[in-house]
Structure formats: C-alpha cells, structure tokens
Amino acid sequence: MRASQTHSEGAAGSVEAVFREERGRLLATLVGQFGDLDLAEEVASDAVAAALERWPVDGVPGRPGAWLLTTARRKAVDRLRRDKAYAARIAVLQAEADRSGSAAAPAEDEDVPDERLRLFFTCCHPALPLDAQVALTLRCLAGLSTPEVARAFLVPAATMAQRIVRAKRKIKGARIPFRVPEADELPVRMPGVLRVIYAIFTEGYAASAGPELVRGDLADEAIRLARILHRLLPREREVAGLLALMLLVDARRQARTGPDGQLVLLDEQDRSRWNRAFIEEGRGLVVTALQGGPPGPYALQAAIAAVHDEAADVTTTDWPQVVALYDVLADVAPSPVVALNRAVAVAMRDGPAAGLVLLDALSADERLRGYHLLPAAQADLLRRLGCRDEAAAAYQQALALVGNAPERAYLARRLEEVTG
Amino acid sequence: MKYMLLIYGSQDVAPQTPEAVQKVMDEYWAYEKAVADAGVRIASDALQGVETATTVEVRDDGERVVTDGPFAETREILGGYYLLDVPDLDAALDWAARCPGAQHGSRIEVRPVMEFEQP
C-alpha cells in the first residue's frame, strides 16, 4: 500500500506523506547500491527537493517511490562524477552490477525492492551504542529529521546531530555491513533490533523526563517500525510478539491520563476508552507469537497484556494466569523488573501481604536501586494493608526517584491520602 | 578491509598450570591454522610480558625520554594481535569471537586499519 493512494490533498502534502512512507525504502535501496549512508541520505533529500519542484507542476507520478528512486540515483551519479575520489568506486559499482546482473536499476515502471531489513540490521548493529541505534533507526527507517529525533529524546539538536554523525562515521570507518544476518546468526541479532524498537516505545509510553507522561508520537513510530519489520519477517515470532505487546499496551493510551494529563493507573482506568481495534489485532498476533516453539519474552509480555486487556476490571482479571505467565517469563528472561511485576500480580492473587514479602526481598537487589516503581509498589501494598506511616515513607522514597511530572503528581496525591 | 584484533587480558588471568598453558597454546595453534587456511591472516604475534615494555617519547625540545614500563597503567594489558583481511566488521567480529584471546577472561578490541590513498 502506498501513501500516495490515501493522500490526495495538495501536492506538497503528498510529497511529504509519500516521502515519509517511502524514505526508508528509498534509503535502503540507495545504501545497497552505493554502500554509503551519507550519500544515500543526501541524494534522497535531493530527490525530494526535485519532487517538491516537479510534482505541483507535472502532477504526482503513478509510482512515486520509483520516481524518487530513479531521481535519487541520477543525482548520486552526478555527485559521484563530480567527485574524483569516487571515480574508482563508480567503476567498481559498475563492475559489480555487470557481474550480478540483478543489481540493475529498476525502471520507473518496476516495483522498488524492499531492502529495509538490511537497513534495520545496520542501524541496530551491536557495534553502535544503543542511543545511536535508536537515533539512526528513527532517522533512517521512521523518516524523522535529526531535530525531530532530538526533540523526541529531549536532547539539544546539536547533541543528536553529533551522535548521528559519530555513528555514521563508525558504520563507514569500521565497515559495518549492510546485510541481513544469516539464518544461524538471526537469533543473536534479532533481539538487538527488537530492543531498539521497544526502547523507542517505552520512552513514548512513560517518558523518563519532562512534563508529559505519554509521548504518543514515539509510541506511534515504534508501532509503525514493528509493523514494517513484521511485514518483512512474518515468520519471526518475537517480531509478532513485540508488535502485539505494543498494540496491547498502547490500546490503553487514552485511558492512562485524565483530563489534566494526570496519571490514571490500570485499576482506575475507564476501560471503555481502550482501543478495541488494537486489542483485537494484538490478541491475534499473540496467538501467532506463542505458537510453534518455546515462547519468547515479548510474546509472554504480550500475553500478560492481553489478559489485562480482556478483563472487565481489575478484580475480575485472571490473576492466577498473570502470575503463571510471569513465572514462565522469569524463567525465559529473568530480571528484577520481571520479579517486581510478578510480586504485584501475586499481591492481587493472594493479597497485599504476600506481595509485600516478595517486594521486600527485592529491595536488596542493586539493580533496582534508583528505580521508583519498587518503593511505589511497596507503598501501594502498605497502604492497602493500612500501614499508613510505612506507606508514607515508601511514597516519599518513590517521589525522590521519579522522573516525569504526572507520575510525581500521582505519588504526591497518594502520599497526601496516607498522611492526611 | 584490514582489521587489527588486539588481545587484552590482565596478568592474573594467565593460565597457572603447565597443562592449562599447553591447552591455550594448542587453541592458539589451531586458530593460527584456521585464519591461515581461510586466507585472511596478514600477520599475528604474541607480545612478551608487560615487564619487558619500555616507553619512548621525544619532547618538543628534542629531548629523548625513555621510561620503564608501558605508557598507560591499566589493569588490562596488550598481549598480542592478529592482523586480518576480511570483507567487513561482521566477518572481523566472527573471527575475533573464535580467537582464544576472546576467552579465558581476556578480550579483543577490533580496530579497522586506516587506509591511505596511494600517492
């Protein structure tokens, strides 16, 4: 499906919509042909500039993606010809194209091949730092500009530009390849790609800093990226699992904040505001993700989210099922955060005292030091047990650690309840 | 593309018994043969202990300063290297992972070699 078919407004709007959709494909194809991310980005921008000039006059072409690619390739050849240092590379490219035969440029009436999978693996290469992987993925595959990526992560544009330049320099200098890993390497490399997409989503879901709780733009981008990846790798169960997880969690977005942007937790959410379409889609994907072998961590988290989404309210939630899923998850991907969530589920199944025992045992874990949700969960159970003073102390501890304003406001409100 | 595999380890992880030393040596011989057979080896060497290291610096005024020991006092010391010629970083990382220098508590820094245009 092409964006051009759904956007019929003004030509400039079409260019933007088309380019956003096509940018990743265009870039991937160009990087494949020229082996140079910088050059690919430059000529992709040139092609868009040409489109902005031509399309309002000539009309939007039938295959805008192919038009952009052909234009970008011409621009690339022009640039390479002007640059003597590239002369040798043109010859090599030509020789390679002649040898393989298949590398010939697609004509305007051909479909543009989708090489974005290779671009995913380059942008999410483990030789790059995670923040650079995230930035490159947003820029090259989601089509965000550097200032947009910078805004999304609340860092100055210059800092983000530096981060991207450094990453691109490493890709070029160390020759990080533009290729899809072999089937036997895929299990090692796949989690890295999924981690980048999930990092974008979680930053969107609960901003680590700033005035807003939910940064919907980032959650949208993460879901869009996962959809692309799922289309490219329909049989990778953890890709389906990640997409399912994000849909099932994002389904509650509207209900997670009140009219003034305040945090509304699961037990108080108006479930009629949950996104039914996302829940249905997510549930379908969970089934795929769980079938055909031992379940992966994303599939299991998605299954847990599905149990919540299927319940009419917190009390009728199938808590034994949630605990059982956390048991499997703790086995597949043990982490202190999983243990914390499991403890909260145990509290719902067996009562707050049972959960508190498990949470108290976790306080000794170094890795949870500074994580506000541990004292917040302890405070909540203490409040439900009627231990007001201890609850107040725990809320204060959580308040000292929390990063975003809405969560802070929620904790402050609870603190007032137990002290008032 | 040429990559330098720099093998770093701390002295206290060196094998203690003659059997253990022999085992590591055998692994290195096997690896040495593997990179040679694959046609990717340009050069490789093990370095003598860090206690044999000497540092030289020629100051701006031309004075030559020679000091005992390595330049940087770090816990991890350079113990040897492989210079390989492989297509890309993934291939270099694969070879590095197969090297005994990436095991036994030591690790490998993979650095692409700078290539200059011929004059």
Side-chain angles (χ1 to χ4, degrees), chain A residues 28 31-37 80 83-93 95-96 99-100 103 115 117-129 132-133 136 166-193, chain B residues 1-9 27 30-31 34-45 72 74-76 78-119:
Chain A
V31 177
Q33 282 176 354
F34 298 106
D36 187 322
L37 188 51
L80 291 174
D83 190 336
K84 277 188 192 139
Y86 282 113
R89 198 183 300 181
I90 292 192
V92 172
L93 275 171
E96 276 174 7
R99 198 168 52 240
S100 67
E115 302 198 69
L117 197 51
R118 298 206 268 165
L119 196 51
F120 263 112
F121 281 102
T122 305
C123 290
C124 303
H125 199 281
L128 300 170
Q133 293 178 34
L136 276 179
R166 224 178 290 134
K168 283 204 252 177
R169 211 175 278 156
K170 178 153 188 190
I171 290 173
K172 202 181 215 172
R175 200 177 287 176
I176 290 177
F178 180 67
R179 61 183 264 272
V180 177
E182 307 285 335
D184 62 331
E185 306 171 69
L186 213 52
V188 180
R189 292 288 308 278
M190 204 65 236
V193 178
Chain B
M1 179 145 178
K2 296 190 191 94
Y3 293 87
M4 190 79 144
L5 276 49
L6 300 160
I7 302 166
Y8 283 92
E27 285 174 17
Y31 183 71
V35 285
D37 289 352
V40 297
R41 179 187 171 279
I42 296 169
S44 57
D45 281 297
T74 51
R75 225 176 57 78
E76 308 240 293
L78 183 62
Y81 73 91
Y82 280 85
L83 182 60
L84 304 182
D85 191 356
V86 291
D88 57 40
L89 183 67
D90 279 0
L93 296 178
D94 284 345
W95 279 113
R98 286 177 63 181
C99 180
Q103 301 148 33
H104 312 296
S106 60
R107 49 185 146 200
I108 292 179
E109 179 178 321
V110 178
R111 289 275 291 273
V113 172
M114 206 185 280
E115 276 161 22
F116 295 97
E117 301 270 329
Q118 292 296 323

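All chains are named by letter (A, B, ...) in the order of the sequence lines, taking the proteins before the strands, and each is independently numbered beginning at 1. In what follows, every heavy atom counts, from backbone to side chain, and hydrogens, waters and symmetry copies are set aside.
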Peer 1: With rounding to the nearest 0.5 angstrom, report the CG to CD distance, B:Asp94 to A:Glu182.
Peer 2: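 Between B:Asp94 CG and A:Glu182 CD, I get 10.0 Å after rounding to 0.5 Å.
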Peer 1: Do you know the tightest heavy-atom contact between B:Asp88 and A:Arg175?
Peer 2: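 That would be CB-O, 3.4 Å.
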Peer 1: Counting only heavy atoms not in A:Arg179, do more than 12 sit closer than 6.0 Å to its CZ atom?
Peer 2: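 For A:Arg179, atom CZ is crowded (more than 12 foreign heavy atoms under 6.0 Å).
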Peer 1: Between A:Ala127 and B:Leu89, which heavy-atom pair has the shortest distance, and what is it?
Peer 2: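 That would be CB-CD2, 3.6 Å.
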Peer 1: Got a second to check how far A:Arg189's CZ is from B:Asp90's CG, nearest 0.5 Å?
Peer 2: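 Answer for the CZ-CG pair, A:Arg189 versus B:Asp90, is 5.5 Å.
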Peer 1: Counting only heavy atoms not in B:Arg107, do more than 12 sit closer than 6.0 Å to its CZ atom?
Peer 2: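 At most 12 heavy atoms, drawn from other residues, nucleotides or ligands, come within 6.0 Å of this atom.
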